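Letters go in sequence order (proteins before strands), and every chain restarts at 1. A quick note: this is a predicted structure, and the numbers were derived from the prediction, not measured.
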2 protein chains.
Amino acid sequence: MTAPGWTNDMAAFAPGSVPRYEAVKQFIRSRIESGEWPANHRIPSENDIVADLGVSRMTANRALRELASEGAITRVQGVGSFVAAHKGSTALLEVRNIADEIRERGHRHTSRLTLLEEEPASPEIGDALGVPTGARVFHSIMVHCEDEVPIQIEDRFVNPTVCPSYMAQDFSAITPNAYLTLVAPITRTEQIVEAVSPKPWECKLLAIGRNEPCLMIRRRTWSETASVTTARLLYPGTRYRLEGVSQ
Amino acid sequence: MTAPGWTNDMAAFAPGSVPRYEAVKQFIRSRIESGEWPANHRIPSENDIVADLGVSRMTANRALRELASEGAITRVQGVGSFVAAHKGSTALLEVRNIADEIRERGHRHTSRLTLLEEEPASPEIGDALGVPTGARVFHSIMVHCEDEVPIQIEDRFVNPTVCPSYMAQDFSAITPNAYLTLVAPITRTEQIVEAVSPKPWECKLLAIGRNEPCLMIRRRTWSETASVTTARLLYPGTRYRLEGVSQ
DNA sequence: GAGTGGTCTAGACCACGCA
DNA sequence: GCGTGGTCTAGACCACTCG
C-alpha cells in the first residue's frame with residue numbers, strides 16, 4: 001500500500017553489527033523525523049517491510065511493536081500502522097522518594113514529626129481521598145532534613161479505610177511514603193508541581209525568609225481503585241530542584 | 001538452575017484468551033510482588049521457562065525482554081536474569097511543548113520575539129553548548145502567551161554549528177522548539193525544575209509583581225552527541241503548573 | 001475475501017561470562 | 001565447554017477491518 005520505491009537503500013539491513021530490527025526502527029524513525037512521513041501518514045505494513053527490506057516478519061513486527069510502545073507510531077489491527085500525531089518534544093521528570101534521594105547523595109536523612117492526629121475531612125481533603133466531608137481521616141505533618149537542613153515539609157492526609165494502622169507507626173523509623181507503599185501498593189500517582197510563596201508557619205519550619213519562593217508538589221496516590229493518600233510537599237527553592245534526563 | 005517444582009500450576013499457559021507471553025509475565029510478576037522472589041533473586045532462564053511452562057523460547061524471550069524494559073528485572077548476557085533492586089516509588093512528570101499545550105487546552109497561543117542576536121558565549125553558556133567561551137552563539141528571548149496573557153519567558157541559546165539557519169526563521173510561525181526539533185532530532189533531554197524569584201525585567205515581561213514566585217525549567221537538549229540548545233523557561237507560579245499521572 | 005496486525009513455534013547461529 | 005541472553009527466520013493460525 002506504499003508507493004513503489006519507498007526505499008532504494010537496503011544495504012543496512014543485511015546481517016551486521018547493528019541488530020536488524022534496530023536498523024528497521026532507525027529507517028522508519030528517520031523518515032518520520034525528516035518530515036517525509038508526516039503525522040498520520042500510513043507506514044509500510046509488516047509484509048511490505050518483509051518484501052522490501054529483506055527481513056523476516058517477526059523482525060518487522062518487533063521493530064513496529066517497539067516503535068509503537070515508544071509512542072512514535074500507532075497501530076490498529078486490521079487497518080495499519082500510522083505516524084503518531086503527538087510527536088516528540090515531551091520529556092519526563094522523575095519524582096523520587098525524598099529519603100532515598102538524600103541517602104543516594106551520600107547525606108543523612110532525618111525527619112521530625114510535627115503533627116499526627118485524626119480529624120474530620122474538609123471538603124477538599126474528602127474530595128481528594130474519596131471520603132465524605134467530615135469523615136475521620138489521618139493527618140500528619142513532618143519536616144525532612146538533609147544533614148540537619150530542612151528540605152521538605154510533608155503535609156499528608158491518609159484514608160483510614162485503606163491504612164487503618166497509620167497512626168500507630170514510628171515515623172522516625174519508616175517514612176509515611178515507604179509505609180503506605182508497603183501497606184497498599186501504588187497503582188496510580190497524580191502530581192502537580194507549582195511555584196508558591198510559603199505561609200509564615202512554613203517559613204518557620206523550613207527556616208527560610210518570608211519571600212523565598214518554594215516548589216510545591218501535590219501528590220495523590222491510588223491503590224487499585226481506592227484513593228490512599230494526598231500530600232503537599234513543600235521545598236525551599238534555594239535548596240531543592242527536580243532533575244531529569246530523558247533519552 | 002532453579003529448584004525443581006518452582007511451578008505446579010501450568011494451566012494458564014495453554015493457548016487461550018490471554019497471550020502466552022503475557023501469562024508468563026504475570027506469573028513472574030506475581031512471584032516478585034508476593035516477595036517469593038526478592039530483589040536480586042535469580043529468575044528462571046529462558047530455557048527453564050520453555051521446559052517448565054511449555055512455551056517456545058521466542059515467547060519466553062519476549063516475556064523477559066518486556067519485563068526488563070519495564071524495569072521489573074535486569075538481564076545480563078551470559079549470566080542470567082534477576083529481580084531488579086530498584087522498586088517502584090518513582091513517578092514521572094511529563095514536560096510538554098508550551099504551544100501544543102496551550103492549543104490542546106483550546107486556547108490561543110501567541111508569542112512575541114524580544115531579542116534575536118548573535119553573541120559571544122559566556123563561560124556557562126559555552127559549557128552548556130559544548131563550545132569554547134567567546135565562540136559566537138545564537139540567542140533568542142521570547143514571551144509566550146495564552147489568550148494574550150504572558151505565561152512563559154523562553155530565553156534560549158543555540159549552537160550555530162548544529163543549526164546555522166536559526167537566525168533566519170520566522171518565530172511567529174514556528175516556535176524555536178519546533179524548529180530545532182525539525183532540524184536536529186532530539187536524542188537526549190536534561191531538565192531541571194526550580195522555584196525562583198524573577199528578576200525585574202522578567203517581572204515586566206510577564207506582567208507580574210516583584211515577589212511572585214516563578215517556576216523555572218532549565219532544559220538542555222542533544223542530537224546524537226552534539227549539544228543543540230540550552231533554554232531557561234520561566235513561568236509565573238500563579239498561572240502555570242506541571243501536571244502528571246503515572247500508572 | 002483480502003489485507004492488516006497479534007501471536008506462536010521450532011530451530012538456528014551468535015556473543016558473552018564463567019568455571 | 002556449557003549455559004546464558006540476543007537475534008533471526010519461515011511458516012503458521014488467528015482476530016480484526018473494510019470494501
Side-chain angles (χ1 to χ4, degrees), chain A residues 1-4 6 10-28 37 40-84, chain B residues 1-4 6 10-28 37 40-84:
Chain A
M1 288 307 145
T2 312
W6 60 287
M10 305 172 24
F13 302 95
S17 52
V18 34
R20 300 170 83 153
Y21 72 88
E22 198 56 52
V24 174
K25 286 175 68 177
Q26 273 307 335
F27 180 85
I28 293 171
W37 293 347
N40 301 315
H41 181 271
R42 188 200 198 86
I43 278 185
S45 74
E46 297 186 357
N47 283 324
D48 291 339
I49 293 172
V50 169
D52 295 348
L53 300 188
V55 299
S56 75
R57 196 182 149 216
M58 275 299 278
T59 301
N61 174 268
R62 177 167 176 184
L64 294 185
R65 176 156 38 84
E66 291 191 359
L67 285 173
S69 87
E70 289 162 17
I73 68 174
T74 58
R75 316 190 73 192
V76 184
Q77 194 177 72
V79 181
S81 303
F82 306 87
V83 176
Chain B
M1 291 305 143
T2 312
W6 59 287
M10 306 174 23
F13 302 94
S17 51
V18 32
R20 300 170 83 153
Y21 72 88
E22 198 55 55
V24 174
K25 286 175 67 177
Q26 271 309 333
F27 180 86
I28 293 170
W37 291 347
N40 300 315
H41 181 271
R42 186 199 198 89
I43 278 185
S45 74
E46 298 186 356
N47 284 324
D48 291 339
I49 292 172
V50 169
D52 295 348
L53 300 186
V55 299
S56 75
R57 196 183 146 213
M58 277 298 279
T59 301
N61 174 269
R62 175 166 178 185
L64 294 185
R65 176 157 37 87
E66 292 190 359
L67 285 172
S69 87
E70 289 162 18
I73 67 175
T74 58
R75 315 191 74 193
V76 184
Q77 195 179 72
V79 181
S81 303
F82 306 86
V83 176

OP1 or OP2 of D:dT4 sitting under 4.0 Å from any side-chain N/O of B:Arg75? no

Hey, does B:Leu64 have a side-chain heavy atom less than 4.5 Å from the side chain of B:Ile49? yes

Donor-acceptor contact present, side-chain A:Arg20 to main-chain A:Gly54, <3.5 Å: yes

Reported CG-to-OG distance for the pair B:Asp48 and B:Ser81, which is rounded to 0.5 angstrom: 10.0 Å

Regarding the side chain of A:Ser45, the nearest nucleotide among C:dT4, D:dG5, D:dT9 is C:dT4

Within this structure, what is the CD1-CD distance for the pair B:Ile73 and B:Glu66, rounded to the nearest 0.5 Å? 10.5 Å

Whole angstrom is fine here: how far is it from CG in A:Asn47 over to P in D:dC13? 16 Å

For the CG atom of A:Asn47 and the CG atom of A:Asp52, what is their distance to the nearest 0.5 Å? 10.5 Å

Can you see if the side chain of B:Ser56 gets near the phosphate of C:dG11 - specifically, an N or O under 4.0 Å from OP1 or OP2? no

Quickly work out the A:Glu22 CD to C:dC14 P distance and round it to whole Å. 21 Å

With rounding to the nearest 0.5 angstrom, report the CZ to CD distance, A:Arg75 to A:Glu46. 4.5 Å

Distance below 4.0 Å between B:Tyr21 side-chain N/O and C:dC8 OP1 or OP2: no

Strictly by modelled atom types, are A:Asn61 and A:Arg57 linked by a side-chain donor-acceptor pair under 3.5 Å? no

Pairs: protein N or O with nucleotides 14-19 of chain D N or O, under 3.5 Å:
| residue | atom | partner | partner atom | Å |
| --- | --- | --- | --- | --- |
| D:dC16 | O4' | A:Gln77 | OE1 | 3.0 |

Would a 4.5 Å heavy-atom cut-off, applied to side chains only, mark A:Ile43 and A:Leu67 as touching? no

Stretch residues 58-67 of chain A: residues that reach within less than 4.0 Å of DNA chain C through a heavy atom: A:Met58, A:Asn61

Under 4.0 Å between a side-chain N/O of B:Arg57 and OP1 or OP2 of C:dC8, yes or no? no

